[in-house]
Engineer: 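Take this structure first; my questions come after.
Per chain, numbering begins at 1; letters A, B, ... match sequence-line order.
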Amino acid sequence: MIKAITGTKDILPDQIARWHYLEMIVSYIMECFNYKEIRTPVFEETSLFARGIGEATDIVSKEMYTFIDRSETSVTLKPEMTASVVRALNEHSLDKKQGLNKLYYISPMFRQERPQAGRYRQFHQFGAEAIGSDNPALDAEMIVIAYDILKSLGLNDLTVKINSLGVPVSRENYKNILREYLTPHLKNLSEDSQKRFETNILRIFDSKAENDQKIMEDAPLLIEHLDDNSLENFEKVKQILLHAQIPFEIDPKLVRGLDYYTHTTFEILSGSVGSQSALCGGGRYDGLSEQLGGTAIPGVGFAAGIERILLACENEKSLDLPTESIDLYLVRLDKELQNAAYNLSLILRRNDLVVELDYLQRSVKAQMREANKFNAKYVLFIGGEEYERNEVVLKNMSDGEQQNINLEDLSTIISKIIGE
RNA sequence: GUGGGCGUAGCUCAGUUGGUUAGAGCGUCUGGUUGUGGCCCAGAAGGCCGUGGGUUCAAGUCCCAUCGCUCACCCCA
């Protein structure tokens, strides 16, 4: 038997209500902030991600789903959304049509990593991008939106961490300072961090090795080497968050992995999902559009992992979804009435009732058991002497009361049930 | 790419120091008088014990390999 590819998951019917609910909350809150949905293809030319995310990052070097198609073009299943959105914006000159584009998305993403709790090869993210302004109010808005969505899903064990990466020049200067500090400690660092010293020195702050952490305690911090403008922006972001009553921590060691981030970066962590605790992350990416060969447009955005969020909801038992039910189950008393029963169900269904009936020619008892299993509000019996009199029997399943109804009056039961 | 844990019914799991026809709960199906659910009761179906090899008189149980799942590392949402 063929099974789903490693790291992919079927979302079965008993889970789908949770997904619908989350998607509903996301669109609702996004649209309150006047973000418009954008959908982009699941795959793009490989170079889009290679240039956008950064050639040296692990995502590009070993974690992308990349294929050569029949026209010898290298294509890649999108590992994240920002590069695609910026591409679409430039391609359709959305920035010429209005100064600021506020966009959101809910979409599958793909990364060829080893799966673990809250990490899959096909996973789903929602997120937002505000492109066309360097106003720090938008940096803060990203955090507000993300936080409000998570709160609306009933999550409580949340930590918001923010930091500023400043502008590329000051970051490069700072990297040199950090390099100077670390050089004498180099041989005491873990093997992984020695590699990071070459590839992505900032990430040594994230090292889980105890000794590395000790060394990094006294390391100079990026936030101490920001230019005045960056500090001022960061200050504004903090003020808005305070005003929005969003609890946050400044984490000078928070360094996002992707190359394109500038100024504000943030993460929202959950204490209830295991090792992969970041539910969402984002930040400002003022240089990205230009880096992709488009016009220079500042932007800010975030992305949130849906599987992780639903895992957190499950562990915190925070989603209180109503139990599902159907309006009416149509019970056939006589086997000969299959067609009549089906025709009747059709009328009811076309009048917006959620109706089920037996397709397996089962006994009345079995049909009733099924009606109960589906949580039917009403059962409609068709057959017997009532049917000969052109009547059907309607039973209220909560109090057991029954009444005969003439088929001519079917519209009254319909309105009665819908009217509840 | 690296390391740990685990693979027995649809699901969650028992299965003694290797020893007859592999079990339970839940779920499914059927019935418990003519045409009525939940609760209860009775019965039934459903297992190459992940796969392949080995040790043994004898393997679900021990050994090896392999595949899969899972958690963690790297990296990252």
Engineer: Look at all strands and tell whether A/Gln402 reaches a base, only sugar-phosphate, or nothing, counting heavy atoms closer than 4.0 Å.
Structural biologist: base

Engineer: Would the A/Tyr120 and A/His124 ring centres measure less than 6.0 Å apart?
Structural biologist: no

Engineer: Which whole-number value in Å describes the distance from A/Arg121 CZ to B/G1 P?
Structural biologist: 8 Å

Engineer: If pairing requires Watson-Crick or G-U wobble contacts with both distances under 3.5 Å, which nucleotide is the partner of B/G43?
Structural biologist: B/C29

Engineer: Tell me which nucleotide, if any, is Watson-Crick or G-U wobble paired with B/U2 when both distances must be under 3.5 Å.
Structural biologist: B/A72

Engineer: If I pick the P atom on B/G31 and the same atom on B/U17, what distance separates them, to the nearest angstrom?
Structural biologist: 45 Å

Engineer: Is the phosphate of B/C71 approached by A/Ser275 (side-chain N or O, under 4.0 Å from OP1 or OP2)?
Structural biologist: no

Engineer: Is the base of B/U36 touched by the side chain of A/Lys395 through a donor-acceptor pair closer than 3.5 angstrom?
Structural biologist: yes

Engineer: Just to be sure I understand the rule, does A/Lys3 reach a base, reach only the sugar-phosphate, or reach nothing, if contact means heavy atoms closer than 4.0 Å?
Structural biologist: sugar-phosphate

Engineer: Regarding B/G32, can its base be found pairing with the side chain of A/Arg369 as donor and acceptor, where the two atoms are less than 3.5 Å apart?
Structural biologist: yes

Engineer: Select base, sugar-phosphate, or nothing to describe what A/Ala366 touches, counting heavy atoms under 4.0 Å on all strands.
Structural biologist: sugar-phosphate

Engineer: What contact category does A/Tyr329 fall into here, base, sugar-phosphate, or nothing, at under 4.0 angstrom with non-hydrogen atoms?
Structural biologist: nothing

Engineer: Picking from B/U70, B/C76, B/G35, which would you name as closest to the side chain of A/Arg119?
Structural biologist: B/C76

Engineer: Counting side-chain heavy atoms from C-beta on, which of B/G31, B/C75, B/G35 comes nearest to A/Glu386?
Structural biologist: B/G35

Engineer: Across all strands shown, which nucleotide pairs with B/C48 by Watson-Crick or G-U wobble geometry, both distances under 3.5 Å?
Structural biologist: none

Engineer: Can you tell me which residue among A/Glu356, A/Met368, A/Lys395 is in a side-chain contact (heavy atoms from CB on, under 4.5 Å) with A/Tyr329?
Structural biologist: A/Glu356

Engineer: Identify whether any heavy atom of A/Gly400 sits under 4.0 Å from a base atom; if not, whether one sits that close to sugar-phosphate; answer base, sugar-phosphate or nothing.
Structural biologist: base

Engineer: A/Ile309 has an atom CD1; how far is it from atom C1' of B/A77, in whole Å?
Structural biologist: 9 Å

Engineer: Using 30° and 60° as the class boundaries, would you call the ring planes of A/Tyr181 and A/His185 parallel, tilted or perpendicular?
Structural biologist: tilted

Engineer: Rounding to the closest angstrom, what is the interatomic distance between B/G68 and B/A59 at atom C1'?
Structural biologist: 22 Å

Engineer: Using a 5.5 Å cut-off between ring centres and planes within 30 degrees, is A/Phe381 stacked on the base of B/G35?
Structural biologist: no

Engineer: For the P atoms, the ones on B/U21 and on B/C64, what distance do you get once it is rounded to whole angstrom?
Structural biologist: 28 Å

Engineer: When the C1' atoms of B/C6 and B/C75 are compared, how many Å lie between them, rounded to an integer?
Structural biologist: 25 Å

Engineer: A/Gln361 CD to B/U30 P: how many Å, rounded?
Structural biologist: 12 Å

Engineer: Rounded to whole Å, please give me the gap between CD in A/Gln367 and C1' in B/U28.
Structural biologist: 17 Å

Engineer: Using the closest heavy atom to pick a nucleotide of RNA chain B for each, name whichever of A/Ala304 or A/Gly7 lands nearer the 5' end.
Structural biologist: A/Gly7

Engineer: At 4.0 Å (heavy atoms only), tell me whether A/Gly127 reaches a base, stays on the sugar-phosphate, or touches nothing.
Structural biologist: nothing

Engineer: Looking across every strand, which nucleic acid part, if any, lies under 4.0 Å from A/Glu385 by heavy atom: base, sugar-phosphate, or nothing?
Structural biologist: base

Engineer: Is there a side-chain contact between A/Leu344 and A/Ile382 (heavy atoms, below 4.5 Å)?
Structural biologist: yes

Engineer: Does any part of the side chain of A/Leu155, heavy atoms only, come nearer than 4.5 Å to the side chain of A/Cys313, both counted from C-beta?
Structural biologist: yes

Engineer: If we call it a pair only when both distances are under 3.5 Å in a Watson-Crick or G-U wobble match, what pairs with B/C62?
Structural biologist: B/G54

Engineer: side-chain hydrogen bond (donor to acceptor under 3.5 Å, both in side chains) between A/Asn396 and A/Ser398: does it pass, once the steps are laid out?
Structural biologist: CA-CA 6 Å; A/Asn396 183 324; A/Ser398 54; 2.7 Å; yes

Engineer: Between A/Val393 and A/Arg308, which has a closest nucleotide on RNA chain B that is more 5'?
Structural biologist: A/Val393

Engineer: Look at all strands and tell whether A/Leu279 reaches a base, only sugar-phosphate, or nothing, counting heavy atoms closer than 4.0 Å.
Structural biologist: sugar-phosphate

Engineer: At 4.0 Å (heavy atoms only), tell me whether A/Ala117 reaches a base, stays on the sugar-phosphate, or touches nothing.
Structural biologist: sugar-phosphate

Engineer: OP1 or OP2 of B/C69 sitting under 4.0 Å from any side-chain N/O of A/Lys9?
Structural biologist: no

Engineer: Between B/G47 and B/G23, how far apart are the C1' atoms? Round to whole Å, please.
Structural biologist: 11 Å

Engineer: Using the C1' atom in both, what is the distance from B/G10 to B/G5, to the nearest Å?
Structural biologist: 25 Å

Engineer: Taking the same atom, P, in B/C13 and in B/A9, what whole-Å distance lies between them?
Structural biologist: 11 Å

Engineer: Over all strands shown, is A/Gln276 touching base, sugar-phosphate only, or nothing at heavy-atom distances under 4.0 angstrom?
Structural biologist: base

Engineer: To the nearest Å, give me how far apart CG (A/Asp358) and P (B/C29) are.
Structural biologist: 11 Å

Engineer: Under 4.0 angstrom, heavy atoms only, what part of the nucleic acid is A/Ala278 near: base, sugar-phosphate, or nothing?
Structural biologist: sugar-phosphate

Engineer: Could you state the atom-to-atom distance from CD of A/Gln122 to P of B/A77 in whole Å?
Structural biologist: 18 Å

Engineer: Nearest-Å distance, NZ (A/Lys365) to C1' (B/G37)?
Structural biologist: 9 Å

Engineer: Using a 4.5 Å cut-off on heavy atoms from C-beta on, say whether the side chain of A/Leu242 contacts that of A/Phe248.
Structural biologist: yes

Engineer: How are the rings of A/Phe302 and A/Phe266 set relative to one another: parallel (under 30°), tilted (30 to 60°) or perpendicular (over 60°)?
Structural biologist: tilted

Engineer: According to a strict under-4.0 Å criterion, is A/Arg114 in side-chain N/O contact with OP1 or OP2 of B/G1?
Structural biologist: no

Engineer: If the cut-off is 4.0 Å, is A/Arg203 near the phosphate of B/C75, judged by side-chain N/O to OP1 or OP2?
Structural biologist: no

Engineer: Nearest to the side chain of A/Met368, heavy atoms from C-beta on, is which of B/U36, B/G35, B/U28?
Structural biologist: B/U36

Engineer: Compare side-chain N and O positions of A/Thr6 against OP1 and OP2 of B/C69 and report whether any pair is under 4.0 Å apart.
Structural biologist: yes

Engineer: Between atom CG of A/Leu89 and atom OG of A/Ser84, what is the distance when rounded to the nearest 0.5 Å?
Structural biologist: 12.5 Å

Engineer: Could you give the CZ-to-C1' distance, from A/Arg196 to B/C73, as a whole number of Å?
Structural biologist: 10 Å

Engineer: Side-chain N or O of A/Gln116 less than 4.0 angstrom from OP1 or OP2 on B/C71?
Structural biologist: no

Engineer: What's the gap between B/U8 and B/G60 when it is taken at their P atoms, as a whole Å value?
Structural biologist: 15 Å

Engineer: Scan every strand shown for a Watson-Crick or G-U wobble partner of B/G7, both distances under 3.5 Å, and answer none if you come up empty.
Structural biologist: B/C67

